[in-house]
K.L.:
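Here it is, the structure, as structure tokens.
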Amino acid sequence: MSTPAAPSWPPRYDPVWRPAPDAEYWAPELECADPKTRDEIVLAKLRAQVQYAWERSAFYRRRWEAAGVAPATLRTLADLARFPVVEKADLRAAQAAAPPFGDYLCLEPREIARIHGSSGTTGRPTVFGVGRDDWERIGEAHARVLWAAGLRPDDRVLIASFFSLYLGSWGALKGCERLGAAVFPFGAGVPGQTLMAVQWARDLRPTAFYGTPSYALHFAETARREGLEPRDFGFRTLFFSGEPGAGIAATKGLIEDTFGGACIDMGSMAEMTPWMTNGECRQRTGMHLWQDIVYTQVCDPETFAPVPYGGEGTPVYTHLERTSQPMIRLVSGDLARWTDAPCPCGRTYPRLPLGLYGRIDDMFIVRGENIYPSAIEDTLRAIEGFGGEFRVIVSRRETMDELLVRAEYAASHAAEAPRAALAARMKERLRARLGVTPLIELVPEGALPRTEFKARRVIDDRDLYKKGITHS
């Protein structure tokens, strides 16, 4: 039995226990519980988590007193919506005022076991201080979710992601180790490393792969250039985070066709580690929200009030087992639709059936239409002759927005007639999907750069036009 025998907080888990290899569930008494029964467990954890933050964090006490709430406010799960949300800018400001960890640390600095951080690509980097007991609970949570994805102790897992401040690869490593699998932490990012990873995969035949969807496809292209067929590596399970590709139907299908294994979508935010608590099971019907580990509400992006099942919003996350830097109502900025419809796996968690299909700040507007890069990717990958990579350039000519899609064509469509037909097909399908007619520019397969981390495919040049008008 892996769950605590008593309702103590924070929970402590047996570090060596695991289910029998043929067991479907790691903790069936939680995963398959009646949602109302499980909600009682969630509420007890939530109240303990909020009380802990109230007592130890000036950050939360200050914000909650200003909002007129306190631990006593939390009588039901619905009451959580009365607590103010936290945004990344709030965390950066707190760390600037109380460096390096901010006044939401809740531990003494000497109790920190690991230090990680954000890349800082969209602002001041955020420093993560993780306590030793929290790190063990992260491993426990990830093992549970990976078990649902189909990983078992006899798996050999190739981790092909950066080993740096980035938490994703370290979380995958910790979860696989807790589950009992053999781990091959190859990493990524060094010139020539993908080719080396392909050669090692050929010889060691790992059964599972972790990275970003973009990198998996780059890995496959590298293998084919070496005369190797990606299916021959023997990956049974490929699990991903970092970008929405594994939740995009066409990309999921392409990965599964390319490697012959199950494509599993996972991931929330580094701040929310254990980030796998948005995670698919092996049925691949969308990411389960593992509510007894991290409690998730899908909320209106402006009011942050929870939306009903079936509605679209942004996930707002709350830790339930965290003593170091707990996040309570952290806004993700991602977009998702949630459902409580049953999953064939028997787990009773709500799900994100389409995963995280975009970010609010990734959306751009062209001629009044809201456009998400994931919709463009889904459309292009479903078209025969697409060469594997694309870029989107948004510009303005006079007073009219222009949407240019620069897409690769496969070698099979290199001749003029097939290439022209491919461009016409892309233009029409994108027009039907987006509501805007794009300009299509085709380039040879391999002409656009690949990425070993998170793909960034949109360039918005409209500000250049505005600056030109201003200075003319």
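Each residue takes its place number in the sequence, starting with 1.
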K.L.:
May I ask you to check whether over 12 heavy atoms, not counting those of Arg224, lie within 6.0 Å of atom CZ?
P.N.:
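Counting neighbours around CZ of Arg224, more than 12 heavy atoms of other residues, nucleotides or ligands fall under 6.0 Å, so yes.
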K.L.:
Regarding Arg152 and the six-membered ring of Trp147, is the cationic atom NZ or CZ under 6.0 Å from the ring centre and inside 45° of its axis?
P.N.:
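The answer is yes; both the distance and angle limits are met.
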K.L.:
Counting distance only, does the side-chain N/O of Arg178 pair as donor-acceptor with the main-chain N or O of Ile138 below 3.5 Å?
P.N.:
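Side chain of Arg178 to backbone of Ile138, a donor-acceptor pair under 3.5 Å: no, none is there.
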K.L.:
Pairs in or reaching into residues 312-359: which pass ring-ring contact (aromatic ring centres under 6.0 Å, His included), with residues at least two apart or in two chains?
P.N.:
Trp290-Tyr349, Tyr309-Trp338
K.L.:
First locate atom OG of Ser324, then atom CZ of Arg56, and finally report the distance between them rounded to the nearest 0.5 Å.
P.N.:
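Ser324 atom OG to Arg56 atom CZ measures 11.0 Å (nearest 0.5 Å).
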K.L.:
So if I apply the ring-ring contact (aromatic ring centres under 6.0 Å, His included) rule between Phe233 and each of Phe219, Phe184, Phe209, Phe259, which one comes out positive?
P.N.:
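The single option meeting the ring-ring contact (aromatic ring centres under 6.0 Å, His included) with Phe233 is Phe219.
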K.L.:
Show which side-chain atoms of residues 96-108 pair as donor or acceptor with protein atoms under 3.5 Å away, not counting sequence neighbours.
P.N.:
from   : atom 1 : to    : atom 2 : distance (Å)
Asp103 : OD2    : Arg62 : NH1    : 3.1
Asp103 : OD2    : Arg62 : NH2    : 3.2
Tyr104 : OH     : Gln95 : NE2    : 2.9

K.L.:
Would you check, one step at a time, whether the test salt bridge (charged side-chain N to carboxylate O under 4.0 Å, His left out) holds for Glu55 with Arg61?
P.N.:
CA-CA 8 Å; Glu55 293 172 356; Arg61 182 182 284 263; over 6 Å; no
K.L.:
Hey, what do you get for CZ (Arg351) to OG1 (Thr285), rounding to the nearest 0.5 Å?
P.N.:
4.0 Å
K.L.:
Show which side-chain atoms of residues 260-268 pair as donor or acceptor with protein atoms under 3.5 Å away, not counting sequence neighbours.
P.N.:
from   : atom 1 : to     : atom 2 : distance (Å)
Asp265 : OD2    : Gly247 : N      : 3.4
Ser268 : OG     : Trp275 : O      : 3.3

K.L.:
Donor-acceptor pair, distance only, cut-off 3.5 Å: does the side chain of Lys45 make one with the backbone of Asp292?
P.N.:
yes
K.L.:
Is Arg282 salt-bridged to Glu24, cutoff N-O under 4.0 Å?
P.N.:
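Answer for the salt bridge query: yes.
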K.L.:
Can you confirm whether or not the ring centre of Trp170 sits under 6.0 Å from the ring centre of Trp135?
P.N.:
no
K.L.:
Can you check whether Trp54 and Tyr60 have ring centres sitting under 6.0 Å from each other?
P.N.:
no
K.L.:
Any ion pair linking Asp133 and Arg12 (charged N to carboxylate O, less than 4.0 Å)?
P.N.:
yes
